[in-house]
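Quick notes on the structure that follows.
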Amino acid sequence: TSAPAAAPAAHGCVGSGLLSRIAPSPSRSGTVPARPGSGARTRAGAAQAMVMMADPKPHELPLWRTLQAHAGQGRPHLKDMLSDVPRCINMFREVDGVVLDFSRQLMTQETQRLLMELAHQSQLEKKIEAMFQGDRINISENRAVLHTALRMAKDQSLVVDGQDVVKDVHAVLDQVKMFSEKIRSGELRGATGKKLTQVVAIGIGGSFLGPAFVHTALETERSAQQAAAGRTLRFLANVDPEDVSRALSGLNAETTLFVVISKTFTTAETMLNARTTRAWLKIQLGDAPEVISKHMVAVSTSLEKVSAFGIAQENTFGFWDWVGGRYSVASAVGVLPLALQYGYDMVESFLTGMRSIDEHFRSAPLHNNLPVLMGLISVWNHTFLGHHVNAILPYDQALSKFPAHIQQVSMESNGKGVFLDGSPVPFSTGEIIFGEPGTNGQHSFYQLIHQGRVVPVDFIGVCVGQQPIYLPGEPVSNHDELMSNFFAQADALAYGKTPQEVLASEPGLPAELVNHKVFSGNRPSLSILLPRLEAYQVGQLLALYEHRVAVQGFIWGIDSFDQWGVELGKQLATKMRREISDIRRDGRDVSAMGKDSFNYSTTRLL
Ligand code: F6P
């Protein structure tokens with residue numbers, strides 16, 4: 001670590017902070033069949049691929065053209081569709097406490113029927129089953145997609161390639177349980193004998209966003225708060241040294257445990273942050289071997305790389321290549337830091353909540369299946385109506401990191417340009433996700449979604465908030481105030497306000513101002529209501545959206561489980577790193593090297 005850290009300091013690019021101190025130093029089909037036992041592409045693998053590779057392609061299905069024509073025909077204004085009660089009844093579902101109301105979508109009952117037909121013609125049920133049973137549906141990487149196995153109960157079994165993966169999953173969960181209990185009780189302590197009460201989880205992308213979302217969601221939940229008393233959990237994701245500085249700020253190394261989380265254990269950001277914190281530990285606590293063995297553990301699929309880094313096998317928590325990074329929160333990636341912070345029981349309820357939605361997704365008929373409905377709705381909005389953005393707006397501060405997590409789950413999964421067979425997709429896939437909690441967003445970007453572009457919105461609300469506040473003299477509780485906005489916004493988008501209504505509310509308003517105050521309405525949203533927000537519901541919500549993304553990808557006929565699009569930038573960064581290192585080392589003139597290596601712009605910027 002010393003060479004690259006020393007160089008920036010010499011060039012005066014880095015302040016006196018951390019680096020300069022470091023420098024010197026059960027299913028619809030009923031059964032779960034066994035899979036054939038080879039990692040290579042087998043004939044069975046080819047058969048699995050046939051289920052996934054829709055032939056004809058989605059846009060060649062008769063239903064596709066029917067839906068295009070149907071979208072072009074238009075439909076009544078939402079204010080009229082919302083007064084059609086039978087329609088609204090048909091667009092309301094409740095599953096294990098989770099309510100989904102999609103009556104404010106730009107859909108008639110005929111649209112709903114056609115989308116169901118599209119699901120059938122796309123062989124959606126078979127594709128869902130192929131995922132659950134461990135087929136290699138991630139075709140471009142020839143991998144199974146089995147994050148659902150992470151949530152299966154101990155007494156269940158799923159044999160893939162001759163191996164009961166549920167057994168493997170629970171062996172790691174048992175390891176997490178035992179380790180977290182020992183850390184929390186103080187049976188395992190730091191190198192100087194102090195209790196390890198502070199945890200820093202180091203990881204990025206799927207090795208960060210999911211665990212950080214769940215942590216934020218539980219932080220103000222009362223039983224979780226009690227379980228976490230006296231403990232802290234922080235995350236270090238960005239390679240930016242400012243993030244290192246923030247993550248370490250005020251920490252006592254004697255009481256700090258670092259959890260290095262990386263599926264590959266090669267991700268540049270995570271590895272540099274791991275080396276940086278390892279160096280920090282040594283500066284703070286000395287060079288003795290127990291400094292690393294007692295203050296650093298790892299979560300990875302690459303046990304050899306973890307061991308090469310210097311973390312012992314007994315301090316390593318494994319997972320498997322059939323868990324995609326962005327779907328890994330239910331593996332040790334999320335479970336370990338969360339169990340350390342909140343105790344293992346909390347983790348179990350989170351996993352049970354996920355399992356409830358997994359089982360529903362696998363077994364419920366498509367027309368009553370929440371993730372299927374949500375996936376079809378988003379395909380309708382995106383592909384047929386041309387609304388490419390989806391705002392996720394939780395009316396619950398505890399869900400503040402949910403949009404960012406789903407942004408990765410959705411955009412890394414479905415931002416693809418080719419079908420599973422590699423041929424180009426002639427329609428757009430992959431919604432653009434953004435979001436903030438209400439009511440904050442109302443004072444920020446809602447202007448655009450009310451009077452600018454049409455942005456389909458997901459409103460997420462909770463019936464009973466985590467922290468009740470009732471002020472004497474106030475007309476409603478603070479949470480009821482929040483939820484008043486939740487209900488109001490959905491109707492504001494749907495109904496809008498006509499010029500007549502504007503004038504009725506402001507008689508005598510100058511004519512040139514009227515249109516500024518008109519709202520077209522007819523803007524789609526769906527509403528999700530959870531009874532409360534405890535670990536169980538956090539798990540349900542997450543599984544709901546994970547499966548929604550899978551449904552979109554199954555309908556679009558793409559591989560939602562690879563992410564080749566992140567590779568090119570990584571390769572170019574490697575080249576840049578080499579060049580910058582040369583410039584630093586040799587004190588070379590940047591402009592002199594630009595001709596051969598970089599274009600004018602990069603040379604100039606360098
Ligand atoms: O670059 C994207 C990505 O590969 C994500 O898919 C993944 O979650 C993240 O990087 C981190 O990867 P790893 O867990 O291997 O460090």
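Because only heavy atoms are used, hydrogens play no part in the values below, and waters and symmetry mates are left out as well, while side chains stay in. Because the structure is predicted, anything quoted here is derived from the model rather than measured.
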Sidechain-backbone polar pair: Thr216 side chain, Ala212 backbone, donor-acceptor under 3.5 Å: yes
Salt bridge (Lys or Arg N to Asp or Glu O under 4.0 Å) between Asp135 and Lys127, worked out: CA-CA 9 Å; Asp135 289 359; Lys127 291 175 182 177; over 6 Å; no
Student check: side-chain heavy atoms of Val239 and Thr270 closer than 4.5 Å: no
Within 6.0 Å of CD in Gln313, more than 12 heavy atoms from elsewhere: no
Euclidean distance, Leu281 CG relative to Asp287 CG, rounded to 0.5 Å: 11.0 Å
Heavy-atom check, side chain of Phe319 versus side chain of Leu150, under 4.5 Å: no
Contact list for residues 332-348, test side chain to side chain donor-acceptor pair (under 3.5 Å), sequence neighbours left out: His215-Tyr342
Contact list for residues 402-417, test salt bridge (Lys or Arg N to Asp or Glu O under 4.0 Å), sequence neighbours left out: Arg326-Glu412, Lys416-Asp562
pair Gln552-Ser410: side-chain heavy atoms closer than 4.5 Å: yes
Test: Arg577 and Asp582 ion pair at under 4.0 Å: no
Met296 vs Val260, side chain to side chain contact (heavy atoms under 4.5 Å, CB included): CA-CA, chis, key distance, verdict: CA-CA 7 Å; Met296 281 194 125; Val260 185; 4.0 Å; yes
Side chain Ser560, main chain Ala550, donor-acceptor under 3.5 Å: no
Sidechain-backbone polar pair: His295 side chain, Ala191 backbone, donor-acceptor under 3.5 Å: yes
Step-by-step side chain to side chain contact (heavy atoms under 4.5 Å, CB included) determination, Met354 to Met152: CA-CA 9 Å; Met354 293 195 99; Met152 288 174 77; over 6 Å; no
Donor-acceptor contact present, side-chain Thr574 to main-chain Lys570, <3.5 Å: yes
pair Ser400-Pro394: side-chain heavy atoms closer than 4.5 Å: no
Closest contact, heavy atoms only, Val306 versus Ser300: CG2-CB, 3.6 Å
Glu221 side chain to Ser223 side chain, donor-acceptor N/O pair below 3.5 angstrom: yes
pair Val159-Ser157: side-chain heavy atoms closer than 4.5 Å: yes
Under 3.5 Å: donor-acceptor pair, side chain of Glu254, backbone of Thr192: no
Nearest-0.5 Å distance, CG of residue Leu336 to CZ of residue Phe179: 6.5 Å
Side-chain heavy-atom pair Val160, Trp322 within 4.5 angstrom cut-off: no
Geometric class of the Tyr327/Phe561 ring pair [parallel <30°, tilted 30-60°, perpendicular >60°]: tilted
Donor-acceptor pair, side chain of Asn273 and main chain of Ile202, under 3.5 angstrom: no
Pairing of Arg143 and Asp559 as salt bridge, 4.0 angstrom limit: no
Derivation of the side chain to side chain contact (heavy atoms under 4.5 Å, CB included) call for Val538 and Leu533: CA-CA 6 Å; Val538 175; Leu533 194 65; 3.8 Å; yes
Distance-only donor-acceptor check, side chains Thr602 and Asn599, under 3.5 Å: yes
Residue pair Gln198 / Thr256, side-chain donor-acceptor N/O under 3.5 Å: yes
Derivation and outcome, side chain to side chain contact (heavy atoms under 4.5 Å, CB included), residues Lys282 and Ile292: CA-CA 8 Å; Lys282 286 183 177 176; Ile292 302 306; 4.2 Å; yes
Note: Lys575-Glu579 ion pair, threshold 4.0 Å (strictly below): no
Gap between atom CG of Leu544 and atom CD of Gln540 - 0.5 Å precision: 8.5 Å
Minimum-distance pair of heavy atoms, taken over all atoms of Ala543 and Asp358: CB-OD1, 3.9 Å
Least distance between heavy atoms, Thr264 atom then Lys305 atom: O-CD, 3.7 Å
Heavy-atom pair of closest approach, residues Ile137 and Ala130: CG2-CB, 3.8 Å
Check against salt bridge (Lys or Arg N to Asp or Glu O under 4.0 Å), Arg548 and Glu431: CA-CA 12 Å; Arg548 177 183 93 144; Glu431 59 205 350; 2.8 Å; yes
Ser249 backbone acceptor or donor facing Arg234 side chain under 3.5 Å: yes
Min side-chain heavy-atom separation Ile580-Leu606 under 4.5 Å: yes
Donor-acceptor contact below 3.5 Å, side chain Arg151 vs main chain Leu351: no
Leu257 side chain near Val297 side chain, heavy-atom distance below 4.5 Å: yes
From Ile460 atom CD1 to Leu399 atom CG, the distance as rounded to the nearest 0.5 Å: 6.5 Å
Whether Phe213 and Phe402 hold their rings parallel, tilted or perpendicular, with breakpoints at 30° and 60°: tilted
Salt bridge (Lys or Arg N to Asp or Glu O under 4.0 Å) between Arg246 and Asp240, intermediate numbers included: CA-CA 10 Å; Arg246 284 161 201 239; Asp240 186 338; over 6 Å; no
Arg362 side-chain N/O to Glu359 backbone N/O, donor-acceptor pair under 3.5 Å: no
Distance, nearest 0.5 Å, that separates NE2 of His405 from OH of Tyr545: 12.5 Å
Atom pair CE/CD1 of Met411 and Ile406 - distance to nearest 0.5 Å: 12.5 Å
Modelled atom types, side-chain donor and acceptor of Asp168 and Gln163, under 3.5 Å: yes
Where Val333 and Ser207 come nearest, the two heavy atoms and their spacing: CG1-CA, 3.9 Å
Any donor-acceptor N or O pair under 3.5 Å, side chains Thr301, Trp320: no
Identified side chain to side chain contact (heavy atoms under 4.5 Å, CB included) partner of Ile139 from the options Asp421, Leu420, Ile558: Leu420
Side-chain (Arg278) to main-chain (Phe309) donor-acceptor, under 3.5 angstrom: yes
Considering all heavy atoms, the nearest Ala237-Phe208 contact: CB-CD2, 3.5 Å
